[in-house]
2 protein chains.
Amino acid sequence: MPDALRQFKADFFQALAHPTRIAIIEQLRDGELSAGTLIDRLKLEQANASQHLAVLRAKNIVTGRKSANQVFYSVRHPLIIEVLDVMRRYFHAHMRESVASLKALEKAGSGRR
Amino acid sequence: MPDALRQFKADFFQALAHPTRIAIIEQLRDGELSAGTLIDRLKLEQANASQHLAVLRAKNIVTGRKSANQVFYSVRHPLIIEVLDVMRRYFHAHMRESVASLKALEKAGSGRR
DNA sequence: TTCGTATATTCTGAACATCGAATATAGCAC
DNA sequence: GTGCTATATTCGATGTTCAGAATATACGAA
């Protein structure tokens, strides 16, 4: 794989590598929302929200549509939502694994005493 | 969504947010490889490779199987490969978009002169 | 035990990310 | 124009990530 492609992917992951930005994208899953609505729903500082939105904009993950003095944000491509969906499945699989190994530990512990 | 889940996702993305770590995972797509093989194929510094592998291990993205004095790494869950596959599709879609907007610019430019 | 190979860890300095506070800009109403 | 609301940007402090150098550990062979 060319290095540029790896860098592109890394940049994309970097842009998603923050709980607030993930929360923003999941809020936008069902359609556009104004910056103000995002701030209210996620209980963010105004400046902080704007910074995170700037990161998402810079990586073309999100676009802003200006209307009067509001800006309505939306996710630019459905595949971004799909990435998060796969992540959700991965999280569940990961949880199942963790629970399974905890149970195995319990069993080993009770057998040993 | 609970905050723990968002943090989990963010941590996962953070772990993938480096070109070298993406390269490592793509090398492991078809099965396990020793640390040394990864170092050779990706032309990495030994210490640097080990640090990146440590990051991937810490997030349970990769496991190491020790055999004699080598360590064979493999991706812990197929869904991780799937995330990268969706990313690849996203990348292609993104490229198409960029090419399209470049063409639009050219057209506008030639029309204007 | 000592040697050699494979891998991991620790340290240091540079680069980058994050936050909140303050400030700036843009658009509408008056 | 002034004032108000929504959003963006800049600044400074603090923390995190990175690469490479040096060092440490684990293992098998002799």
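Worth knowing before you read on, the calculation uses all heavy atoms, side chains too, and leaves out hydrogens, waters and symmetry mates. The sequence lines fix the lettering, A, B, ..., with proteins before strands; numbering per chain opens at 1. All figures in this text were calculated on a predicted structure; none of them were measured in a lab.
In plain terms, the two heavy atoms of B/Lys9 and A/Leu84 that are nearest each other are NZ-O, 3.8 Å. Nearest heavy atom pair, residue B/Val83 against residue B/Phe12, reads CG1-CE2, 4.5 Å.
Between B/His18 and B/His52, the ring-plane angle classifies as tilted under the 30° and 60° cut-offs.
Side-chain atoms of B/Tyr73 and B/Thr63, non-hydrogen and from C-beta on, never get closer than 4.5 Å to each other.
Atom P of nucleotide C/dA17 and atom CG of A/Leu53 are separated by 17 Å, given to the nearest angstrom. A straight line from CG of A/Asp11 to P of D/dC18 spans 12 Å, rounded to a whole angstrom. When the C1' atom of D/dT7 is taken as reference, atom CG of A/Leu33 falls 15 Å away, rounded to whole Å. Between A/Leu44 atom CG and D/dT7 atom P the separation is 12 Å, expressed in whole Å. One interatomic measurement links the two molecules: CG of A/Leu42 to P of D/dT7, which rounds to 13 Å at whole-angstrom precision. Separating the CG atom of B/Leu38 from the C1' atom of C/dA6 is a distance of 13 Å, rounded to the nearest angstrom. Between the CZ atom of B/Arg65 and the P atom of C/dT7 there is a distance of 12 Å, given to the nearest Å. What separates CD1 of A/Ile22 from C1' of C/dT18 is a distance of 16 Å, to the nearest Å.
An OP1 or OP2 oxygen of D/dA19 is reached within less than 4.0 angstrom by a side-chain nitrogen or oxygen of B/His18. Dashed line: the shortest gap from a side-chain N or O of A/Arg21 to OP1 or OP2 of C/dA17 is not under 4.0 Å. A sub-4.0 Å separation between OP1 or OP2 of C/dC19 and a side-chain N or O of A/His52 is present.
Residue B/Tyr73 is the one, among A/Val55 and B/Tyr73, whose nearest nucleotide of DNA chain C lies closer to the 5' end (criterion: closest heavy atom). Map A/Gly36 and A/Gln14 each onto its nearest nucleotide of DNA chain D; the residue landing nearer the 5' end is A/Gly36.
In this structure, A/Arg57 has no salt bridge (charged side-chain N to carboxylate O under 4.0 Å, His left out) partners at least two apart in sequence or on a different chain. In this structure, B/Asp11 has no salt bridge (charged side-chain N to carboxylate O under 4.0 Å, His left out) partners at least two apart in sequence or on a different chain.
Using a 4.0 Å heavy-atom distance criterion, B/Phe72 is classed as making no nucleic acid contact.
For the pair A/Arg21 (side chain) and A/Leu53 (backbone), a donor-acceptor distance under 3.5 Å is absent.
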Extract from the structure each pairing of a protein N or O with an N or O of nucleotides 20-30 of chain C at less than 3.5 Å, listing the distance.
unit_1, atom_1, unit_2, atom_2, d
C/dG20, O6, A/Gln51, OE1, 3.4

